[in-house]
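Written below as structure tokens is the structure these notes are about.
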Amino acid sequence: MQEDFRLIVDLVSVFAVAACGGLLAALLKQPVLLGYIIGGMVVGPSGLGLIKEVVQVETLAQFGVAFLLFALGVEFSLAELKKVKAIAIGGGTLQIALTILITVLVCGVTGAWGSLPAKGVFLGSILSLSSTAVVLKCLMERNETETPHGQVMLGILVVQDLALGLMLAVLPALHEPADVLGIAVLTALVRIGLFAAGAVVAGIWLIPPLLRLLARTESRELFLLGVVTLCLCIALLTEYLGLSIEMGAFVAGLMISEVEYADETLTIVEPLRDIFASLFFAAIGMLIDPVFLWNNLELILGLVALVFVGKFLIITPLVKLFGYPLKTALIAGLGLAQIGEFSFVLASEGQALGLVSRRIYLLILGTTAVTLMLTPFVLRLVPFLFDFAESMPWLKPYLVEDQARDFSEDVPLKDHIVVCGYGRIGKNLVKLLQRHELPVVVIDQSESRVQQLREAGIPYVYGNGVSFHVLETAGVNHAKGMAIALPDPASIRLCLKRALELSPELDLVVRATQDKNIEVLYQLGAREVVQPEFEASLEMATYLLTGIGLSPEVVQQQMQEIRKDHYLELRPERSAAEVSQYLQQVTRDLNRRWYDLPSGSPLIGMSLEEADMRYLTGVSLMAIRRSHGEEIDYPNSQTQLEEGDRLLVVGESEELAALAEFAQGQVAVPNENNACQWVTVQADCPILGKNLVDLTTDEQYGVKVQAIRRDGKFIRFPHGSIDLKTGDQVLLCGSLSSLNQLQQFFIGACGLSLALPTVKVGEVEST
């Protein structure tokens with residue numbers, strides 16, 4: 001067979017087996033990249049031996065990681081990089097240095113690989129690198145690239161990729177005297193500095209005009225060709241300078257990210273990225289010898305465990321040291337605990353230079369491959385591990401998010417609007433609110449954006465919007481309303497859930513980043529969900545329809561109907577199985593539980609509006625599974641609960657316990673004669689200091705204390721031994737006649753009046 005045709009056959013074989021492996025992994029609900037790697041093992045030289053031109057395939061596979069990092073650079077702009085510059089530069093550098101130092105010390109103490117420190121430095125360099133490709137792919141699949149832990153991991157990975165060029169430059173000089181080694185390091189640093197300076201110049205004065213010129217041709221093919229050529233030329237330049245192709249591709253993406261055509265570039269390059277990325281992961285699989293893995297399985301598994309534990313114990317404290325919450329530090333430590341794909345490059349160079357034997361080289365490859373294959377499983381297990389840890393009272397306090405890092409002195413105390421997220425949407429929203437002279441406080445965790453808020457004199461809280469402490473500092477429990485405009489879907493859901501735990505009646509509007517998140521956000525309690533792309537469509541349609549002569553009132557009414565139906569007309573149709581699968585996926589980070597409705601529960605036969613579970617217990621009901629197998633996802637307020645129902649609910653442990661009491665009839669359940677009312681305990685009131693047993697509202701008036709809101713905390717179905725304090729907001733539930741009688745008690749005791757509700761069952765008004 002001709003050599004040219006042989007390469008084509010090999011490429012077709014690799015793509016075919018990668019597609020089959022990825023399909024099998026997807027059907028088994030596993031990460032598709034695991035299927036790519038296993039597919040490469042099957043057809044590689046150590047498997048069935050179907051691939052003959054391994055070197056050529058590996059060379060083409062470099063396009064995969066190059067495009068992967070190029071796309072990352074376009075998404076992970078310089079502005080985004082500034083968010084985590086401290087942990088990226090400081091933490092990333094420290095992590096590499098500590099890993100190398102500890103490896104050298106361990107090798108020296110144990111006598112492994114002889115007495116030469118050069119071998120320890122070489123092994124430490126390999127261990128210090130984590131997998132940009134695997135971690136990035138996992139974060140993208142889970143929509144977590146914009147989360148705090150995603151940003152931290154990507155920041156550290158960027159520094160590791162930059163360090164690869166320095167490592168490759170220093171590697172040949174490891175056997176040389178100290179002065180030669182110093183010159184090699186200095187030369188590499190000069191090269192990196194010159195390249196960085198050139199990239200900045202090109203990014204400001206050369207790249208934008210070139211992209212504008214390509215865009216003016218209005219040819220998609222020409223634009224794609226120009227962008228790919230630019231990416232690969234910069235990648236080849238870095239390879240020529242002794243750095244790495246991958247580093248050049250990432251920098252090329254960063255240069256384009258600041259240009260107005262960044263989004264179009266990303267859209268065009270993504271198909272190429274995905275195709276060549278599959279080739280790259282399959283090429284990694286071809287390097288793995290399954291027979292060698294099996295024969296040395298115990299040793300390799302021991303090395304894998306040592307690598308995971310060691311890197312986790314290095315990275316986690318470092319992230320925590322830079323001021324991040326423990327939860328973020330733990331996720332980053334677990335996510336970066338593998339050995340990266342660029343270690344294959346270092347290992348090959350080390351073998352060529354005689355630093356390692358063939359057996360050690362294969363052990364490095366095997367250990368690296370196993371850590372890469374385990375990483376997707378580890379990241380998938382993280383939410384379940386935290387759910388388990390948070391269910392243990394002695395562990396939960398350590399996983400609570402940290403306090404706000406900083407806040408302005410003029411944060412409003414009450415009747416203000418909280419805006420979570422100061423991106424483009426958040427900035428515009430704040431401007432419009434200030435135009436009406438409304439008090440505003442902004443929550444953001446970006447230092448650069450917080451600095452903008454300081455300079456503009458806008459009240460702010462510097463911290464993570466999903467943190468209870470940050471939300472309390474922003475006064476969410478005393479706010480008139482709140483808008484959530486965060487970029488990350490997981491953070492949006494957590495922020496929404498926790499804000500409503502602090503203030504169940506809060507008027508809350510949320511930006512949905514994806515159309516499939518709309519129903520989830522409504523079900524979690526958002527009053528209004530806005531999807532920017534759909535809103536743009538509605539506004540454009542409004543303009544066109546009124547322009548052709550239709551009545552503006554009729555057009556506006558039609559648009560409002562579409563909004564009222566949650567954009568249902570505009571959303572793509574999804575099967576019931578797809579909706580159910582997505583619902584299961586997005587509730588993982590919200591402490592979900594399937595709860596069996598007890599037989600004979602007083603809730604049976606009630607509508608969700610009547611039961612009002614979210615308000616009275618704090619849990620959000622996401623789905624109902626009937627006894628005959630029917631599943632109702634996102635049930636509406638008129639859905640009735642039936643005997644044998646299983647409820648998919650999300651909430652904290654205390655809220656789930658409150659739901660159990662509520663469903664078993666151990667506390668008051670609303671009925672046609674019942675209503676609930678909030679009352680605030682004021683200063684100089686005789687009932688201050690009394691516990692709920694002493695209050696005797698239940699015995700005298702038949703009114704139960706369903707909840708107490710104190711210092712932003714929501715105490716569901718409080719125990720009778722709890723003392724009342726100034727400022728406590730008490731939720732009283734009972735019949736209207738009982739609440740009328742109790743009104744006289746409060747007038748006499750505290751001089752305050754209950755504004756009795758005149759609303760239907762289950763609905764609660766705030767005084």
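All figures in this text were calculated on a predicted structure; none of them were measured in a lab.
What you find for Gly155 and Ala88 is that their closest heavy atoms are O-CB, 3.4 Å. Between Ala337 and Phe312, the closest heavy-atom pair is CB-N, 4.4 Å. Smallest separation of non-hydrogen atoms from Ile315 and Gly333: CG2-CA, 3.9 Å. Heavy-atom minimum distance, Pro487 versus Thr513: O-CG2, 3.5 Å. Among all heavy-atom pairs drawn from Met153 and Ile331, the shortest one is SD-O, 4.2 Å. Taking both residues in full, the closest heavy atoms of Leu374 and Val304 are given as CD1-CG1, 3.8 Å, listed atom of the first, atom of the second, then distance.
Of the possible polar contacts, one joining the Thr371 side chain to the Thr368 backbone as a donor-acceptor pair under 3.5 Å is found. In this structure, the side chain of Thr238 engages the main chain of Ala235 through a donor-acceptor pair within 3.5 Å. A donor-acceptor pair is defined here as one N or O able to donate and one able to accept, closer than 3.5 Å; such a pair exists between the side chain of Asp444 and the backbone of Tyr422.
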Start with the C-alpha gap between Arg359 and Phe292, add the side-chain angles, then the distance that decides, and say whether side chain to side chain contact (heavy atoms under 4.5 Å, CB included) holds. CA-CA 9 Å; Arg359 173 178 167 76; Phe292 182 83; 4.2 Å; yes

Take Gln160 and Ser128 through the side chain to side chain contact (heavy atoms under 4.5 Å, CB included) test and state the conclusion after the steps. CA-CA 8 Å; Gln160 290 180 357; Ser128 68; 5.9 Å; no

Go through Ile443 and Val470 one step at a time and tell me if the side chain to side chain contact (heavy atoms under 4.5 Å, CB included) criterion holds. CA-CA 8 Å; Ile443 300 174; Val470 170; 3.7 Å; yes

Could you go step by step and tell me if Val378 and Phe308 meet the side chain to side chain contact (heavy atoms under 4.5 Å, CB included) rule? CA-CA 10 Å; Val378 171; Phe308 262 101; 4.2 Å; yes

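With a 4.5 Å cut-off on side-chain heavy atoms, Ile38 and Met373 count as touching. Tyr324 is listed as a side-chain neighbour of Val152, based on a closest heavy-atom distance under 4.5 Å. Contact of the Val291 side chain with the Trp294 side chain is not registered, since no non-hydrogen atoms from C-beta on lie closer than 4.5 Å. Residues Lys311 and Leu336 have side chains not in contact (no heavy-atom distance under 4.5 Å, counting atoms from C-beta outward). Contact of the Phe15 side chain with the Ile275 side chain is registered, since non-hydrogen atoms from C-beta on lie closer than 4.5 Å.
Within the model, atoms CG of Leu318 and CD1 of Ile156 stand 7.5 Å from one another, a figure rounded to the nearest 0.5 Å. Here the CG atom belonging to Leu139 is positioned 9.5 Å from the CD atom belonging to Gln151, to the nearest 0.5 angstrom. The NE2 atom of His469 lies 10.0 Å from the CZ atom of Arg498; values are rounded to the nearest 0.5 Å. In this structure, the separation between CD1 on Ile96 and OG on Ser130 is 9.0 Å, given to the nearest 0.5 Å. Put simply, CD1 on Ile300 and CG on Leu365 are 9.5 Å apart, with the number rounded to the nearest 0.5 Å. Annotation: the span from Gln445 atom CD to Ser491 atom OG amounts to 7.0 Å, rounded to 0.5 Å.
Scored by the side-chain contact (heavy atoms from CB on, under 4.5 Å) test, Ala369 finds Ile288 as partners (sequence neighbours excluded). Applying the side-chain contact (heavy atoms from CB on, under 4.5 Å) rule to Phe276 yields the partners Phe63, Phe67, Leu272, Leu279; only residues at least two apart in sequence or on another chain are considered.
A side chain to side chain contact (heavy atoms under 4.5 Å, CB included) with Thr367 holds for exactly one of Ile339, Leu362, Leu301, Leu299; it is Ile339.
Gln338 and Ser131 share no side-chain donor-acceptor pair at under 3.5 Å.
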Could you go through residues 100-107 and list every donor-acceptor pair under 3.5 Å that involves a side-chain atom there, pairing it with any protein atom two or more places apart or in another chain?
residue, atom, partner, partner atom, Å
Thr103, OG1, Thr99, O, 2.6

